[in-house]
Amino acid sequence: MNSMGPNWGELPALVLTDVFQYLTYHDRLQASSVCWHWRSVIFQPRFFKGIHFDVARENNRRNNFFLQSLAHIVSEAKISFDSCNLYDVDLTTEILYKLSKSSCLVSLSLRPKFATLVTPGRFYSEEEWNYIYKLFVEPIRTLMGRKNPPLKELDLGCSEILTLHAADFLNCCPRPQFLRQLGLASVKQDPGNYALSTIEPNLFEKCNALQYLSLDYDIMCDDFLKTLQLLPLRRLVIHVHGLDQEHPGLSEAAWGSFRARNPQAELHLTLVCAYEAVDQLHTHFLRPSMPLSHLKVLFCERINCDALEYLSHYYKETLKSMIWVDSMRIEEYRNIMEMVVRTNQDPLVMMAWRCKKLEEIVIHGYVLDPHNLVGISRLRGKDLKVLEVSRLDISMPTVMAAPFIQEISTQLGQKWAPLDQKTLPAALGFYPVADEVRDQYILRYIRSSIAP
């Protein structure tokens, strides 16, 4: 009898592959460290679905390993990078070009850390345009133009300069019927002055598998909405920035038709530093037939209580989330109740009462009455998954606020307290807040809307 044990290092690759399929991701990695042969077997598409490149100098070795060993076999890739650092931007373009040659990649998501994408040239200059086109647009066009396998998901990361090329990307797509997710909305560097992109509605006519789509409001019109209503959209995300007086807006009839054809679709409407548009939110942008499920108003520097009233009247069956965020101001304590004295009712309480699906309320930068917060918690109870505020009535001593906090915790079924200086994100601190701090907060916050 042979006293020698089996030579595990010579197991056939097919056998090892079958064994690896029964292991968890962590255990599979542990097993692959046994020997070179076992490690070589692990590099297969079935074992590595996605990869996340976190671009920074300290991650160069890790990213280089990913490029050499995984970039050609993964089906999904995310790239996070400091878009204000030219060195990191250049590294990102190297990764993009490598990924553009992959025969497996079907999902690409860019994650710039800031709204600005730094280039050697001036903003919107020909030099910048050529730089962006060569280093970003061309590799993305290569991916979009590939027939087999066709790209199914593309997220431009809200990059203003890249979204200007959205029509170019769609034009070169030979198989749009396979697209499932497109992130084409942006965050503007200067919300009051920016270049307008154009996308013809007919570019979406063959996107009959598209379920998740984000766009800027500027390119929308009734005809555009009529095209989108033919698609199986589950989520439509629209970003509002500046207010163009020549924009025709979207009519009630167009939204009514869209909702009738897409009863499953949810609308996420996001205002980003829309200093003028916020005042006309309820008159120019909101329409009763919108399938509005999520509203985000980020850093618009004022609250529109008429719009809050509008929400509780027209979106009783659809509204799930209402987020209104501003930085604090030292010189003035903005009290939401001072703006609604003519109605004698808190619009947030009315929203909690009328909107049957409401599960998230976030208000920052404004003083709130704790009595009304208790009322909101009682009306929604445990159905309200998130109630986030940072300012209670400043005339109330901390010791007096404690019973209100306890009652809200009881009603929500979870420990609750307003955010304080330790837990409040830096972007929500006292005004003025640095643009890069604000941008990072905005980008992190809105990405949950764009991707499922």
Side-chain angles (χ1 to χ4, degrees), residues 83 112 114-117 122-125 128-129 132 156-167 182-201 213-225 228 236-251 254-255 267-287 290 292 294-304 306-308 310 323-327 365 427 431-443 445-447 449-450:
S83 52
F114 304 99
T116 303
L117 181 57
R122 301 186 311 277
F123 199 54
Y124 290 147
S125 67
E128 183 202 43
W129 193 262
I132 293 295
L156 298 178
C158 297
S159 170
E160 177 180 0
I161 193 67
L162 292 183
T163 57
L164 291 175
H165 295 272
L182 284 173
L184 307 179
S186 68
V187 172
K188 306 300 184 186
Q189 181 175 339
D190 181 359
N193 181 27
Y194 53 87
L196 294 176
S197 60
T198 57
I199 304 179
E200 294 299 323
L213 173 65
S214 74
L215 297 166
D216 286 337
Y217 184 85
D218 301 287
I219 68 170
M220 300 288 290
C221 63
D222 281 5
D223 286 341
F224 208 116
L225 206 54
L228 296 184
L236 174 61
V237 182
I238 297 178
H239 286 190
V240 177
H241 305 97
L243 179 61
D244 185 355
Q245 298 298 334
E246 297 182 359
H247 191 285
L250 298 172
S251 70
W255 277 116
L267 173 66
H268 292 229
L269 185 65
T270 302
L271 277 68
V272 186
C273 301
Y275 309 119
E276 296 179 0
V278 67
D279 289 331
Q280 299 186 42
L281 175 58
H282 59 298
T283 57
H284 186 82
F285 298 97
L286 296 179
R287 295 290 181 264
M290 277 181 165
L292 183 66
H294 294 69
L295 175 69
K296 291 183 177 70
V297 183
L298 308 177
F299 301 99
C300 294
E301 297 190 352
R302 62 180 62 85
I303 203 160
N304 182 337
D306 290 325
L308 295 180
Y310 196 102
I323 297 170
W324 207 297
V325 169
D326 275 303
S327 302
Y431 182 88
V433 174
D435 289 347
E436 58 270 19
V437 174
R438 181 200 62 194
D439 285 353
Q440 280 189 298
Y441 179 88
I442 290 173
L443 290 172
Y445 218 80
I446 63 180
R447 279 176 182 147
S449 292
I450 293 177

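Because the structure is a prediction, the values reported are computed rather than measured.
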Would you please name every residue forming a side chain to side chain donor-acceptor pair (under 3.5 Å) with [X], sequence neighbours left out?
X: Asp222; value: Ser251
X: Ser186; value: Lys188, Asp216
X: His165; value: none

Report task. Apply the test side-chain contact (heavy atoms from CB on, under 4.5 Å) to residues Leu308 and Ile303: give CA-CA distance (whole Å), side-chain angles for both, the deciding distance (0.1 Å), then the verdict. Result -> CA-CA 9 Å; Leu308 295 180; Ile303 203 160; 4.1 Å; yes
Query raised in the report: According to the interplanar angle, ranging from 0 to 90°, do the rings of His294 and His268 count as parallel (below 30°), tilted (30 to 60°) or perpendicular (above 60°)?
Result: parallel
Could you tell me which residues satisfy salt bridge (Lys or Arg N to Asp or Glu O under 4.0 Å) with [X], sequence neighbours excluded, listed by chain and number?
X: Asp439; result: none
X: Arg438; result: Asp435
X: Asp279; result: Arg302
X: Asp223; result: none

Residues two or more places apart in sequence or in another chain: which of them pass ring pair (Phe, Tyr, Trp, His ring centres under 6.0 Å) with [X]?
X: Tyr217; answer: His247, Phe285
X: Phe299; answer: Tyr441
X: His282; answer: none

Report task. Only counting residues at least two apart or in another chain, list the ones meeting side-chain contact (heavy atoms from CB on, under 4.5 Å) with Gln280. Result -> Leu243, Gln245, Thr283, His284
Report task. Would you please name every residue forming a side-chain contact (heavy atoms from CB on, under 4.5 Å) with Ile323, sequence neighbours left out? Result -> Lys296, Leu298, Ser321, Val325, Glu360, Val362, Tyr445
Report task. Could you go through the side-chain contact (heavy atoms from CB on, under 4.5 Å) check for Met220 and Leu225 one step at a time? Result -> CA-CA 7 Å; Met220 300 288 290; Leu225 206 54; 3.9 Å; yes
At what distance, to the nearest 0.5 angstrom, does [atom1] of [X] lie from [atom2] of [Y]?
X: Leu164; Y: Ile132; atom1: CG; atom2: CD1; value: 10.0 Å
X: Tyr310; Y: Leu281; atom1: OH; atom2: CG; value: 9.5 Å
X: Leu271; Y: Leu295; atom1: CG; atom2: CG; value: 7.0 Å
X: Leu184; Y: His239; atom1: CG; atom2: NE2; value: 11.0 Å
X: Cys300; Y: His241; atom1: SG; atom2: NE2; value: 10.0 Å
X: Arg287; Y: Leu269; atom1: CZ; atom2: CG; value: 11.5 Å

Requested in this report: Could you give me the CA-CA distance, side-chain angles and deciding distance for Leu228 and Phe224, then say whether side-chain contact (heavy atoms from CB on, under 4.5 Å) is met?
Outcome: CA-CA 6 Å; Leu228 296 184; Phe224 208 116; 3.8 Å; yes
Non-hydrogen side-chain atoms of [X] and [Y] separated by less than 4.5 Å:
X: Ser197; Y: Thr163; answer: no
X: Ile442; Y: Cys273; answer: yes
X: Ile446; Y: Cys158; answer: yes

Checking the side chain of [X] only, and the main-chain atoms of [Y] only, is there a donor and an acceptor separated by less than 3.5 Å?
X: Tyr275; Y: Gly192; value: no
X: Ser83; Y: Thr116; value: yes
X: Asp218; Y: Leu196; value: no

Requested in this report: Show your working on side-chain contact (heavy atoms from CB on, under 4.5 Å) between Trp255 and Leu292 and close with a plain yes or no.
Outcome: CA-CA 10 Å; Trp255 277 116; Leu292 183 66; over 6 Å; no
Query raised in the report: Between Ala167 and Thr198, which heavy-atom pair has the shortest distance, and what is it?
Result: CB-O, 3.5 Å
Query - Nearest non-hydrogen partners of Gly157 and Pro112, listed with the distance - result: O-CG, 3.4 Å
